[in-house]
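Report on the following structure.
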Amino acid sequence: MPTLVAPLPPSIAPPGRPSWRVLAGLTLAVALAHVLLLGLAPTALGPEPSPLANKFITRTIVIAPPAAAPPAAPAAAAPPAEAKPAPPPKPRRPREPSRPKPPTAAPEPAPAPQVSEQPPSQPPELTAQSAIDSGATAPDQAASAPASGVPGGAGSSANAGVGNNAATPGDTAAAAGNVVGPESLRIPGSVKLAFAVTGQQGASPMQGVFGDLVWLQDGASYDARLSLKFLFKTIRSQHSTGQIGATGIEPSRFSESRKGEVASHFLRDQGQVMFSNNAPSVPLLPGAQDRLSVIMQLGGMLAGDPARYPAGSRISVQTVGPRDAGVWVFNIEGEERLTVPAGDYAVRKLTRSPRREFDDKVEIWLAPAMGYLPVRMKLTQPNGDFADMQLRESLPAGPGS
């Protein structure tokens, strides 16, 4: 028999299912409530934040290095710990004595310019380093160091050949230990000297040859020429030009002419002597002269201070020829009398003696009464040929000479 169920009263009936719109609204409301509670509540309820809270500040601090403190004295340091006694040193094994090495030859250093005293029995060797008589003082420099070659001719040669010889230790010994220092020097004025020439050339005597030495200077520069003539024809000549400076005569160019001209150039800014025949250059030493100017330089030195050059003293000077250069050493003799075609003179003789096989002998006689100008010049070659020039006349010289 069917069971009858009585309907529930409307008051206790189950509620209906809410719609999706209601659910969406509730979800949105809950989300808004959370946002308000989590984000806005602290701001509204808490204290007002500081205005610097949201600012980021960077500051750079430079730390200066600590000032250097003076080093502490060793005594101020902490007392060192007690050091243990050092173990006794082990006995060394005796070394076998080394054999002495043979001494090696070392080059001798160049002697510094200085004044050396020598015993009276050996007169000093002097250099051609000089100062002009006007009062100018020359620097202390050695004028006689050895050069790479020694010429074989001289400024007064009439027909001499030139020998090219390398310098030997004899030149070095002659140039060392010189008395170096400022000295007065008197350069002669312009003059023309005429010479009678005699000599020997092979089997033929030299006859009918005349020589002229023309010296021109204006106090700052000079020009010198020595010519040998035969029947109005110049058979040989030497020419020297340059300046007159603190060391006296300072050549700049020297030339010699026979069949052709050969010359040497004094490159003072480079300290070299160059030759026109492509021969190797040589160092230019202080006080250097050429074969013609050396005659006038020696005369100027003796004229400036005759007492400085007693009999037996020597003068060393670098002498440059047209093809080579070397140190010439002149021995000075005492005063003597000499008769030449121009007259009778008291003279001082200077001699350059041969030192090697092919060296020429050069003799010069200087007359004090003529300001130590040459009144006789003689060149003797190793083979016996010679040329002897003797003064026959002295004339004043001018620009037209």
Does any part of the side chain of Trp215, heavy atoms only, come nearer than 4.5 Å to the side chain of Ile187, both counted from C-beta? yes
Check Asp385 against Asn383 and note the closest heavy-atom contact, atom names and distance. N-OD1, 3.1 Å
Would a 4.5 Å heavy-atom cut-off, applied to side chains only, mark Trp365 and Lys378 as touching? yes
Return the minimal non-hydrogen interatomic distance between Thr247 and Leu185, and the atom names on each side. O-CD1, 4.5 Å
Run the salt bridge (Lys or Arg N to Asp or Glu O under 4.0 Å) test against Arg376 and tell me which residues pass, sequence neighbours left out. Asp388
Is there a donor-acceptor pair under 3.5 Å between the side chain of Ser190 and the backbone N or O of Gln217? yes
Side-chain (Trp328) to main-chain (Arg352) donor-acceptor, under 3.5 angstrom: no
Among side-chain atoms of Asp344 and Thr339, is any donor-acceptor pair under 3.5 angstrom? yes
Spacing of Phe330 atom CZ and Tyr309 atom OH [to the nearest 0.5 Å]: 13.0 Å
So, the side chain of Ser184 versus the backbone of Gly304: is there a donor-acceptor pair under 3.5 Å, distance only? yes
Just verifying a value: how many Å separate Ile235 CD1 and Lys233 NZ, rounded to the nearest 0.5 Å? 9.0 Å
Mind running salt bridge (charged side-chain N to carboxylate O under 4.0 Å, His left out) on Arg236 and Glu256 for me, showing each step along the way? CA-CA 8 Å; Arg236 187 171 184 179; Glu256 186 174 86; 2.9 Å; yes
Contacts of Ser221 meeting side chain to side chain donor-acceptor pair (under 3.5 Å) (sequence neighbours excluded), chain-then-number -> Asp218
Does NZ belonging to Lys229 count more than 12 external heavy atoms closer than 6.0 Å? no
What are the two closest non-hydrogen atoms of Ser353 and Asn331, and how far apart are they? OG-ND2, 4.0 Å
Rounded distance (nearest 0.5 Å) linking atom OG of Ser264 with atom CZ of Phe275: 6.0 Å
Measuring only between side-chain heavy atoms, which start at C-beta, is Leu213 closer than 4.5 Å to Leu292? yes
Quick check: closest heavy atoms across Val375 and Ala367, and the distance to 0.1 Å? CG1-CB, 3.7 Å
How about Glu357 and Pro382: do any of their side-chain heavy atoms sit closer than 4.5 Å? no
Using a 4.5 Å cut-off on heavy atoms from C-beta on, say whether the side chain of Gln390 contacts that of Leu338. no
Would you say the side-chain atoms of Gln297 and Ser293 include a donor-acceptor pair closer than 3.5 Å? no
Atom of Val362, atom of Leu379 and distance for their closest heavy-atom approach: CG2-CD1, 4.0 Å
Does the side chain of Ser227 come within less than 4.5 Å of Phe210's, by heavy atoms? no
CG of Leu373 to CE of Met296: how many Å apart, nearest 0.5 Å? 5.0 Å
Smallest heavy-atom separation, Ala288 atom then Gln318 atom, equals CB-OE1, 3.2 Å
Side chain to side chain donor-acceptor pair (under 3.5 Å): pairs with one or both residues in residues 266-280, sequence neighbours excluded: Gln272-Ser281
Heavy-atom donor-acceptor pair, Ser240 side chain to Ala224 backbone, under 3.5 Å: no
Report the distance from atom CD1 of Ile295 to atom CD1 of Ile364, rounding to the nearest 0.5 Å. 4.5 Å
Got a second to check how far Gln238's CD is from Glu261's CD, nearest 0.5 Å? 11.5 Å
Hey, does Phe195 have a side-chain heavy atom less than 4.5 Å from the side chain of Val340? no
Within the distance-only criterion (no hydrogens, no angle test), does the side chain of Asp359 pair as donor or acceptor with the backbone N or O of Arg355 below 3.5 angstrom? yes
Measure from the side-chain N and O atoms of Gln200 to the backbone N and O of Gly384, and report whether any donor-acceptor pair falls under 3.5 Å. no
Does a side-chain heavy-atom distance below 4.5 Å link Thr319 with Arg291? yes
